[in-house]
There are 2 protein chains.
Amino acid sequence: MAATSRDTGDRPRSAQRPAAQGERRADARRNIQAILDAAQLCLARDADASVADIAKAAGVGRVTLYGHFGTRADLVDAVLTRTVEQADAVLDATDTTGDPSQALARLVGASWQIVHQFRSVLQAAQRELPAERIRAVHDRILHRVQTIIDRGQRAGAFRDDLPKRWLVTTAFSLMHAAAEDSAAGRLDADDAARVISVTLLAALAAPGAAAATSTP
Amino acid sequence: MAATSRDTGDRPRSAQRPAAQGERRADARRNIQAILDAAQLCLARDADASVADIAKAAGVGRVTLYGHFGTRADLVDAVLTRTVEQADAVLDATDTTGDPSQALARLVGASWQIVHQFRSVLQAAQRELPAERIRAVHDRILHRVQTIIDRGQRAGAFRDDLPKRWLVTTAFSLMHAAAEDSAAGRLDADDAARVISVTLLAALAAPGAAAATSTP
DNA sequence: AGTAACCGGAACAGCATAGTTCGTGTTGCC
DNA sequence: GGCAACACGAACTATGCTGTTCCGGTTACT
């Protein structure tokens, strides 16, 4: 249903078909990226941003947007897919082996901004897409942090007297809060990774451990 | 502008005036409370809940709702005012003297649900009310936690190597996260106060201090 | 150079919501 | 008991949004 597949039967300007499967003119490819970029920014600011707002921000006409994305839900799904792919790429490139505390600090440093962007898009998606679709992508993100917390607990570095699910929630809520404070000018973006890591590791440290230090 | 003042010039059923300033019939008072109750619940679930949804949940007609609240913004403002008053009442009743860690734990225990409810209403209000109005009520809530954190830092119990504003944000983000997890069934509501306090106090503890324990 | 792919403003239909008016009935206060 | 305060469904206007159609112009690919 997304622009990448283009096999949508009855659609406006349905005669528009690429010469080959998936093939497109350069201006069409440029517009699709511009629309996705604009949608990501607009939806992060306001989950109810209109299709007209997004088209304007992308510098294209509404009919052009509808030419590439059949419905608002199609567009939101495409943005969600792209956001997940971007998050996966960054997270795949992050070393999560070795000392759990240091691994978590690296993961936090690499992903705090993406995690927040992801959540903004997710909120918009929740209004348009089925709950299963939302859960599928949400769980993939959670899983990585959970794996490190599991390792940390087994190694005795992280506390195990609180629900594990809550520790994961704590990690995400601190990243989201930092992203919001940073966007609002209340927190220096350059300092955010350190601030989140110090706070999170202090919160997660096994009681009595000397892990609760000023800098990781 | 809210139902309490009733001096709104040209309004539907403008002939409806209480016998005395602010005086109302019993059924009108009951309906106003029902509308505010319903608005608080509906807006907490969905900041875009319609006036028709709220009226239905309150068990009144839309015209009746408009008879008491001139516009949607008037209603949202009234809900915000009431929510702030409720939060003030609970927070005023909480002992914030003595040991900063224990004071913060008490404050958290008393307010985690209210703080979340307050934020939900605040999100709805942000779409309807001027930014100054939002900031005025928001800062009042933040101030109480900030005062305790100040005391804790002076007493050496809380860390001072992270921005103070961030420590306040941490407290609020953990309360919000716990409320969301509780609402979603991922956290036992009866255990939430303990879980938040333990996590928060561990995060705030001055490095090296023995405050990072399992139970406050 | 030719032409299909692509673009996009105008206009339309349908839907949802906010706010208003009308008219009639009910309630509760004096 | 009387009557003003209160209630409320139906119907209306206005606005904004989604999605579609039309049609003429532009771009870019061969």
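Proteins come first, then strands; the chains are lettered A, B, ... in the order of their sequence lines, and each starts at number 1. Keep in mind it's a predicted model, so treat the numbers as computed, not measured.
Not a single donor-acceptor contact under 3.5 angstrom links the side-chain atoms of R62(A) to the base of dG8(C).
dC12(D) atom P lies 18 Å from atom OH of Y66(B), rounded to whole Å. Atom CG in D46(A) sits about 10 Å away from atom P in dC17(D), given to the nearest Å. Nucleotide dA16(C) holds its C1' atom 15 Å from the CZ atom of R127(A), rounded to whole Å. In this entry the distance linking CZ of R24(A) with C1' of dC7(C) reads 15 Å, nearest Å. Here dG8(C) presents its C1' atom at 12 Å from CD1 of I35(A), a figure rounded to the nearest Å. As a whole-Å value, the separation of F69(B) CZ from dG19(C) P is 13 Å. As rounded to whole Å, 15 Å separates atom C1' of dG9(D) from atom CG of L65(B). With rounding to whole Å, D48(A) atom CG is found 13 Å from dT17(C) atom C1'.
Closest to the R25(A) side chain, of the nucleotides dG8(C), dT17(C), dT27(D), is dT27(D). Side chain of V51(B), nearest nucleotide from dA18(C), dC6(C), dG8(C): dA18(C). Of the candidate nucleotides dG19(D), dT17(C), dC7(C), dG19(D) has the atom nearest to the side chain of T71(A). Of the listed nucleotides (dT20(C), dC6(D), dA10(C)), dT20(C) has the atom at the smallest distance from the side chain of V63(B).
One finds the CZ atom of R45(B) at 11.0 Å from the OG atom of S120(B) (value rounded to the nearest 0.5 Å).
Here R194(A) pairs with D191(A) in a salt bridge; the nearest charged N to carboxylate O distance falls below 4.0 Å.
Among the heavy atoms of the strands lying under 4.0 Å from R30(B) are primed sugar atoms or P, OP1, OP2 only; no base atom is included. Heavy atoms of R72(A) sit under 4.0 angstrom from primed sugar atoms or phosphate atoms, though from no base atom.
Checked options I134(B), V76(B), L80(B); the residue passing with Q126(B) is I134(B) (criterion: side-chain contact (heavy atoms from CB on, under 4.5 Å)).
The phosphate of dA7(D) has OP1 or OP2 within less than 4.0 Å of a side-chain N or O from H68(B). The side chain of N31(A) contributes an N or O atom lying less than 4.0 Å from OP1 or OP2 of dC7(C).
Summary of the strand contacts: D27(B) and A28(A) both lie near DNA chain C, and taking for each the nucleotide with the nearest heavy atom, the more 5' one is attributed to A28(A). Between G61(A) and A49(B), the residue whose closest nucleotide on DNA chain C is further toward the 5' end is G61(A).
Two residues are said to be in side-chain contact when any heavy atoms from C-beta on lie closer than 4.5 Å; S173(B) and H176(A) fail this criterion.
A donor atom on one side chain and an acceptor atom on the other are found under 3.5 Å apart for T169(A) and R165(A).
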